[in-house]
2 protein chains.
Amino acid sequence: MSFEISFKALSDPARREILQLLKNGRMSAGKISQHFAMTAATVSYHLKVLKKADLIWEEKEKNFIYYDLNTSILEEIMAWFEDLKENRTNEKR
Amino acid sequence: MSFEISFKALSDPARREILQLLKNGRMSAGKISQHFAMTAATVSYHLKVLKKADLIWEEKEKNFIYYDLNTSILEEIMAWFEDLKENRTNEKR
DNA sequence: CTCCTAATTAGATAACTTTCTAATTAGGAT
DNA sequence: ATCCTAATTAGAAAGTTATCTAATTAGGAG
């Protein structure tokens with residue numbers, strides 16, 4: 001896992017919106033595509049970036065590809081924020 | 001506050017390192033610069049991006065400019081992650 | 001085996017980002 | 001007033017990213 005790749009992946013609004021779409025369960029690439037004005041090719045590119053960042057994973061089924069959130073990476077990123085905040089909270093010890 | 005601008009600001013490793021430097025208190029632009037191989041002008045550019053994202057704020061004092069973390073924005077960003085993770089935890093309700 | 005549908009990959013282009021050097025601003029000290 | 005130090009801004013070059021259209025891959029159905 002690389003913070004560099006994860007944060008870069010999170011920096012695009014379309015990719016964050018994809019993560020939001022997956023909050024309530026897996027969704028096929030085509031269904032995800034329908035939520036956006038951009039082409040399926042562009043959505044596919046964003047899915048690849050999210051996959052490389054381990055923020056999502058895919059399951060192939062028939063000729064569909066389903067994507068789903070990988071919550072364990074979210075935990076690691078949150079820990080980074082916690083650390084930044086915590087040291088600050090203990091400021092006046 | 002805009003998630004767009006905050007996440008973009010967080011996507012650069014130098015900028016995340018600046019935030020880490022500020023964990024234990026404010027620091028002048030020059031002192032921050034010393035921690036990096038890049039020029040002061042480049043560091044100044046990164047500070048501007050972080051400031052625009054409200055992740056840091058500045059205090060002018062004599063002819064120094066001190067930067068410090070703005071933890072309230074960190075809270076808001078963490079809430080975004082919490083939301084993403086939470087709906088997933090309740091999956092089997 | 002041919003056709004359809006789902007999705008990706010390739011290649012090009014435009015837009016945005018990072019970095020540098022050089023110039024500028026501004027406060028304080030002599 | 002002049003000079004020094006701290007820091008920023010301007011402008012240019014190089015690198016990276018997002019997007020499109022067109023082509024390709026691959027599974028399933030007839």
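Below, all heavy atoms of this structure are taken into account, side chains as well, without hydrogens, waters or symmetry copies. We name chains A, B, ... by the order of the sequence lines, and we start the count at 1 in each one.
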If you check the [X] side chain, which of [options] turns out closest?
X     : options                : result
A/R15 : D/dC20, C/dG28, D/dA18 : D/dA18
A/Y45 : D/dC20, D/dT17, C/dA6  : D/dT17
B/T42 : C/dT18, C/dA6, C/dT19  : C/dT19

Next on the checklist: Using a 4.0 Å heavy-atom cut-off, does A/Y67 contact any base of the nucleic acid, only the sugar-phosphate backbone, or nothing at all?
Outcome noted: sugar-phosphate
Next on the checklist: Any base atoms under 4.0 Å from A/S33, or only sugar-phosphate, or nothing? Heavy atoms, all strands.
Outcome noted: nothing
Next on the checklist: Does A/Q20 form a side chain to side chain contact (heavy atoms under 4.5 Å, CB included) with B/D83? I'd like the steps, not just the answer.
Outcome noted: CA-CA 9 Å; A/Q20 293 288 342; B/D83 171 67; 3.6 Å; yes
Calculate the interatomic distance between [X] atom [atom1] and [N] atom [atom2]; express it in whole Å.
X     : N      : atom1 : atom2 : value
A/E61 : C/dA6  : CD    : C1'   : 14 Å
A/K8  : C/dT18 : NZ    : P     : 7 Å
A/F36 : D/dC20 : CZ    : C1'   : 17 Å
B/K52 : C/dC16 : NZ    : C1'   : 13 Å
B/F64 : D/dC4  : CZ    : P     : 17 Å
A/L47 : D/dA18 : CG    : P     : 13 Å
A/F7  : D/dT17 : CZ    : P     : 16 Å
A/K51 : C/dT9  : NZ    : C1'   : 12 Å

Next on the checklist: Any carboxylate oxygen within less than 4.0 angstrom of a Lys/Arg side-chain nitrogen, looking at A/E86 and B/K23?
Outcome noted: no
Checklist entry - More than 12 heavy atoms of other residues, nucleotides or ligands under 6.0 Å from NZ of B/K48: is that the case? => result no
Under 3.5 Å, is there a donor-acceptor pair between the side chain of [X] and the main chain of [Y]?
X     : Y     : value
B/W57 : B/L69 : yes
B/T71 : B/L74 : no
A/R15 : A/L10 : no

How about [X] and [Y]: do any of their side-chain heavy atoms sit closer than 4.5 Å?
X     : Y     : answer
A/F36 : A/E17 : yes
A/D54 : A/I5  : no
A/D12 : A/V49 : no

Might you list the N or O atoms of the protein lying below 3.5 Å from N or O atoms in nucleotides 22-26 of chain C, with each pair's distance?
none

Next on the checklist: If the helix axis at each end comes from five base pairs, how far does the helix from C/dC1-D/dG30 to C/dT30-D/dA1 deviate from straight, to 10°?
Outcome noted: 10°
Would you say a side-chain N or O of [X] is under 4.0 Å from OP1 or OP2 of [N]?
X     : N      : result
B/T39 : C/dT19 : no
B/H46 : C/dT17 : no
B/K48 : D/dT9  : yes

Next on the checklist: Please verify the inter-ring angle class for A/W80 with A/F3; under 30° counts as parallel, over 60° as perpendicular, anything in between as tilted.
Outcome noted: tilted
Item to check | Of A/K31 and B/K62, the one whose closest DNA chain C nucleotide lies more 5' | outcome: A/K31
